[in-house]
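The sequence lines fix the lettering, A, B, ..., with proteins before strands; numbering per chain opens at 1.
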Number of protein chains: 2
Amino acid sequence: MLTATEAAVLGLLADGERSGYDLRRCIEGSVGYFWAPARSQIYAVLPRLVSLGLARRRHVRQETRPDKQLYRITAAGRAALADWLDRPVEPEPGHSVLLLKLFFGDYGDPEAMLEHVRGRRREAEQLKVELLAIEARTTKTEQDRYPALTRRYGLEYAEALIRWAKWAEAQLR
Amino acid sequence: MLTATEAAVLGLLADGERSGYDLRRCIEGSVGYFWAPARSQIYAVLPRLVSLGLARRRHVRQETRPDKQLYRITAAGRAALADWLDRPVEPEPGHSVLLLKLFFGDYGDPEAMLEHVRGRRREAEQLKVELLAIEARTTKTEQDRYPALTRRYGLEYAEALIRWAKWAEAQLR
DNA sequence: ACCACCATGTAACAGGTTACATGATTAA
DNA sequence: TTAATCATGTAACCTGTTACATGGTGGT
């Protein structure tokens, strides 16, 4: 079975031939909000997909730029992606360093705890701005149906976090 | 600097002497909601804390039960914990397999995508019930101030998720 | 002159997981 | 008699990160 990162890369390749470098830029501003592998990880995954027969590599010589490797998804790749997508999603055990620190807040500095909450709120406010900006410049096509779901999730998350943070700040003040 | 798991364990030890086994049970139903190391990980962390001088081990012989190791936090341990708690929280890059699958939903089965959303909603509804139950049986003491913050976060999260899921289900139907 | 962009990859390390291994006691 | 609870640990593996390594082009 695929790992999530392999599936993410296949998913991006499903839209067209791309290099590792291209993928990076595709990721930020879209999937990057909820799945952001390190650069080196992308370059590690691509050859693996090739050796599994899920993608094909094509060497492209360039003169003014360094040469590059373009990857294209295969029929087997599309099948593997579809299979992965349809499998049940495991419940994701939430990891949150913020909550961990707050939970033990009594052993720390009250001022620091307050600042942790404020920081997270600022991040959420920033996220909200970015998502609204993306929303504004996105044309609502048929292909946008699913990505729209994820943006909406982000918005709902950001707003819930802001509400919580305001309440928490009041409690801690 | 401590890892989050080391800090979590120290945090629990700060409340009193405990065995690895005890810690496991402390974790589920409290920190476990946002930080749940594997059992083997707890047993790996404890000796490390001892060798760092942050905890002390005490062997307790038992007759009707297997022997056990009790761990107690040291003064250095409390200092290390406080230091870790007060450090700024890094922005946590969100990982969500659910959103990843949804984002590429076009390449999968629509029925499966709908089921993914429904599944996550059920989990959130369950979480909400659990958190309300904990809330109900908790006496609002001074020590509860910080943990209360994390429960409230969970509630806000669960409710936001349920709202989103209902909306998403309508979109996909 | 300097910085950002294009472009790929390796190596070392970190932080975790699952499975293996053991075995008595007690409640249903 | 079957299963859960008590109780600890090791070993193999996985997935990912950061740091190292290289070097031309084009804009300010």
Side-chain angles (χ1 to χ4, degrees), chain A residues 1-10 17-29 31-32 34-52 55 57-71 84 90-97 100, chain B residues 1-10 17-29 31-32 34-52 55 57-71 84 90-97 100:
Chain A
M1 222 250 297
L2 297 175
T3 66
T5 302
E6 287 164 351
V9 168
L10 274 183
E17 203 180 32
R18 294 212 164 75
S19 70
Y21 195 88
D22 295 334
L23 287 173
R24 264 213 98 201
R25 286 181 320 171
C26 289
I27 287 170
E28 58 185 62
V31 239
F34 41 83
W35 201 269
R39 194 175 45 78
S40 66
Q41 185 66 5
I42 298 172
Y43 287 111
V45 157
L46 284 167
R48 199 153 70 226
L49 292 178
V50 171
S51 73
L52 288 167
R57 186 205 312 244
R58 186 163 70 93
H59 187 96
V60 175
R61 242 157 265 177
Q62 294 186 125
E63 270 150 38
T64 166
R65 294 278 165 214
D67 289 5
K68 58 179 169 179
Q69 317 288 330
L70 289 183
Y71 294 84
W84 182 82
E90 304 296 324
E92 317 187 45
H95 288 253
S96 172
V97 174
L100 194 55
Chain B
M1 219 249 297
L2 297 175
T3 65
T5 302
E6 285 164 352
V9 167
L10 273 182
E17 200 179 34
R18 295 212 163 74
S19 69
Y21 196 89
D22 293 336
L23 287 173
R24 263 214 97 202
R25 285 180 321 170
C26 289
I27 287 171
E28 57 185 64
V31 239
F34 40 84
W35 202 268
R39 191 175 46 78
S40 66
Q41 187 65 4
I42 298 172
Y43 288 112
V45 157
L46 285 168
R48 199 153 70 225
L49 292 178
V50 171
S51 72
L52 288 168
R57 185 208 309 248
R58 185 164 69 93
H59 188 98
V60 176
R61 242 156 265 179
Q62 295 187 124
E63 271 151 36
T64 167
R65 294 281 164 212
D67 289 4
K68 59 179 169 181
Q69 318 287 331
L70 289 183
Y71 294 85
W84 182 82
E90 304 296 325
E92 318 188 43
H95 286 254
S96 173
V97 174
L100 194 54

Quiz item: Start at the 5' end of DNA chain C and walk down; is the nucleotide closest to A:Arg25 or to A:Ser40 reached first?
Solution: A:Arg25
Quiz item: Between which nucleotides of DNA chain D, 5' to 3', does chain B make heavy-atom contacts below 4.0 Å?
Solution: D:dT5 to D:dT10
Quiz prompt | B:Lys68 backbone acceptor or donor facing B:Gln62 side chain under 3.5 Å | solution = no
Quiz item: Any donor-acceptor pair under 3.5 Å joining the side chain of A:Ser19 to the base of C:dT8?
Solution: no
Exercise. Consider the side chain of B:Pro66, meaning its heavy atoms from C-beta on, and name the nucleotide among C:dT8, C:dA21, C:dG23 that approaches it most closely.
Key: C:dG23
Quiz item: Taking A:Gln69 for the side chain and A:Arg57 for the main chain, is one N or O donor matched with an acceptor at less than 3.5 Å?
Solution: no
Quiz prompt | Closest to the B:Thr3 side chain, choosing from C:dT17, C:dA7, C:dG16 | solution = C:dG16
Practice problem: Counting heavy atoms from C-beta on, name the nucleotide in C:dA7, C:dA11, C:dT26 closest to the side chain of B:Arg65. | Solution: C:dT26
Quiz prompt | Within residues 35-51 of chain B or reaching into it, pairs that qualify as side chain to side chain donor-acceptor pair (under 3.5 Å) - sequence neighbours excluded | solution = B:Thr5-B:Trp35, B:Glu6-B:Arg48
Quiz item: Starting at the 5' end of DNA chain D and moving along, which residue's nearest nucleotide shows up first, B:Gly20 or A:Trp35?
Solution: B:Gly20
Exercise. For B:Ala4, answer base if it contacts any base atom (sugar-phosphate contacts may also be present), sugar-phosphate if it contacts only those atoms, and nothing otherwise; contact means non-hydrogen atoms under 4.0 Å.
Key: nothing
Quiz item: Between atom NE2 in A:His95 and atom C1' in C:dT17, what is the gap in whole Å?
Solution: 11 Å
